[in-house]
Undergrad: 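Quick one: the structure is below, questions incoming.
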Amino acid sequence: AHIMHRTQQRPHIILKLAQTLDGRIAARGGDARWITGEAARRHAHQWRSYVDAIAVGANTLLCDDPRLSVRHVRGRNPRPIAIDGRLRAHPNAQLFARPGAVLATGQRSPAAKRQAIAAAGAAVWTFPTRGGLIDLRDFARRAAEEHITSLIVEGGGQLAAAFLQAQLVDQVHIYLAPRILGEGVAAIADLHIQRIADSLTLKNVQTRTLGADLLYTAEVEYPCSQES
């Protein structure tokens, strides 16, 4: 993480997913508690305590109102970050009252909401947007400027896809539960990949059982660099 921060001016980024075997992070109605078992949740919270910050998107904020704190183990709490370009979140979301909280939003998002969230104690970072979406490379540079060297992206599917499309995910932590949902919320939204040859490859793969669940960790290898 330190090397990434110093050489590329961005945090080392882990994408964390807790999903069913058929790739769902929630049922069709939005229920997601709990897909994985206690051992997997404890492991995920241990990793929360290792990183500087943890980020979720607007849908996760609206549906779950998460605290993004460390609960199942002892350890420090990461800075909680909401990435919400259009600012659909409610100013009373409990995340914004947490120490070190950050809202990353668009420069044209509702000013009254931004002010209310700042009044709750959160730092508000604003960025140019295209179609209401922040360029996540701008976000990553700002995070590095704020001395964030390591970051976990926890959800949801749209944010996961956006970080992967921006080629910002360095590693994945995928917790696979022995469940099948069929219809439900996809762990990763459409990446607009048309050919298998263009798919993202995972390397240095490791697996570990956590109770009935399987933890799959790997580094992400992109088909080409951003520069090319």
Side-chain angles (χ1 to χ4, degrees), residues 13-37 40-41 43-45 47-48 54-66 68 80-89 93 95 104 129-137 139-140 151-203 205-208 210 212-223:
I13 297 175
I14 298 169
L15 174 61
K16 175 258 181 180
L17 301 169
Q19 64 181 57
T20 62
L21 286 177
D22 53 346
R24 305 298 178 182
I25 58 172
R28 182 161 43 183
D31 176 41
R33 297 187 178 181
W34 296 102
I35 286 177
T36 54
R41 294 198 299 274
H43 185 274
H45 278 251
W47 267 91
R48 281 187 179 185
I54 183 166
V56 295
N59 288 335
T60 299
L61 199 61
L62 287 167
C63 294
D64 299 342
D65 192 20
L68 303 183
I81 301 177
I83 300 177
D84 186 356
R86 294 185 176 90
L87 192 39
R88 295 188 288 130
L95 180 154
T129 56
R130 178 177 295 181
L133 301 177
I134 294 166
D135 186 328
L136 292 174
R137 288 165 294 188
F139 163 79
L151 170 74
I152 289 178
V153 175
E154 279 214 0
Q158 295 289 342
L159 190 66
F163 268 94
L164 287 166
Q165 287 178 311
Q167 298 190 2
L168 288 171
V169 176
D170 301 297
Q171 190 176 45
V172 294
H173 290 187
I174 302 174
Y175 299 84
L176 293 168
R179 300 177 186 271
I180 295 174
L181 271 175
E183 289 293 328
V185 180
I188 300 172
D190 189 6
L191 293 174
H192 307 291
I193 294 172
Q194 302 297 324
R195 304 183 307 157
I196 295 296
D198 297 327
S199 61
L200 307 184
T201 304
L202 301 181
K203 62 182 182 179
V205 175
Q206 298 183 35
T207 59
R208 173 183 174 183
L210 295 166
D213 304 316
L214 178 69
L215 171 62
Y216 192 100
T217 62
E219 297 171 11
V220 183
E221 188 171 51
Y222 296 95

Undergrad: Kindly indicate whether the side chain of Leu95, heavy atoms from C-beta on, has any atom under 4.5 Å from the side chain of Val56.
TA: yes
Undergrad: Taking the side chain as every heavy atom from C-beta outward, state whether Leu168 and Phe139 have any pair of such atoms under 4.5 Å apart.
TA: no
Undergrad: Going by ring-ring contact (aromatic ring centres under 6.0 Å, His included), name the residues that satisfy it together with Tyr175, two or more places apart in sequence or in a different chain.
TA: His43
Undergrad: Can you tell me how far CD1 of Ile54 sits from CG of Leu68, rounded to the nearest 0.5 angstrom?
TA: 5.0 Å
Undergrad: Ignoring hydrogens and angles, tell me if any N or O in the side chain of Asp65 forms a donor-acceptor pair with the backbone of Ala93 under 3.5 Å.
TA: no
Undergrad: Could you list the donor-acceptor pairs under 3.5 angstrom formed by side chains in residues 151-162, with sequence neighbours left out?
TA:
residue: Glu154; atom: OE1; partner: Arg48; partner atom: NH2; Å: 3.0
residue: Glu154; atom: OE2; partner: Arg48; partner atom: NE; Å: 3.1

Undergrad: With sequence neighbours left out, what residues match Ala58 under side chain to side chain contact (heavy atoms under 4.5 Å, CB included)?
TA: Asp84, Arg88
Undergrad: Could I get the full list of side chain to side chain donor-acceptor pair (under 3.5 Å) partners for Asp22, not counting sequence neighbours?
TA: Thr20
Undergrad: Rounded to the nearest 0.5 Å, what's the gap from CG on Leu215 to CZ on Arg208? Could you check?
TA: 7.0 Å
Undergrad: Rounded to the nearest 0.5 Å, what separation is found between the OG1 atom of Thr201 and the CD1 atom of Ile196?
TA: 10.0 Å
Undergrad: Give the C-alpha distance, both sets of side-chain angles, the deciding distance and a yes or no for side chain to side chain contact (heavy atoms under 4.5 Å, CB included) between Leu202 and Val220.
TA: CA-CA 5 Å; Leu202 301 181; Val220 183; 4.0 Å; yes
Undergrad: Counting only pairs under 3.5 Å, give me each side-chain donor-acceptor contact of residues 179-194, with atom names and distances, residues two or more places apart or in other chains.
TA:
residue: Arg179; atom: NE; partner: Ile35; partner atom: O; Å: 2.8
residue: Asp190; atom: OD1; partner: His192; partner atom: N; Å: 2.8
residue: Asp190; atom: OD2; partner: His192; partner atom: ND1; Å: 3.3

Undergrad: Taking Asp135 for the side chain and Arg137 for the main chain, is one N or O donor matched with an acceptor at less than 3.5 Å?
TA: yes
Undergrad: Could you state the interatomic distance from CG (Leu176) to CG (Leu210), rounded to the nearest 0.5 Å?
TA: 10.5 Å
Undergrad: Taking all atoms of both residues into account, what is the closest heavy-atom pair of Ala82 and Leu61, and its distance?
TA: CB-CD2, 3.7 Å
Undergrad: Roughly how far, to the nearest 0.5 Å, is CD of Glu219 from CD1 of Ile14?
TA: 10.5 Å
Undergrad: Would you indicate whether the side-chain heavy atoms of Trp47 and Lys16 approach each other to under 4.5 Å?
TA: no
Undergrad: How long is the span from the CD atom in Gln19 to the CD1 atom in Ile25, to the nearest 0.5 Å?
TA: 8.5 Å
Undergrad: Test of understanding: with side chain to side chain donor-acceptor pair (under 3.5 Å), list the residues that count as partners of Arg195, not counting sequence neighbours.
TA: Asp198
Undergrad: Given the rule in the side chain to side chain contact (heavy atoms under 4.5 Å, CB included) test, do Leu15 and Phe163 qualify, once you have shown the distances and angles that lead to the verdict?
TA: CA-CA 8 Å; Leu15 174 61; Phe163 268 94; over 6 Å; no
Undergrad: List the atom of Ile83, the atom of Ala55, and the distance in Å for their closest heavy-atom pair.
TA: CD1-CB, 4.1 Å
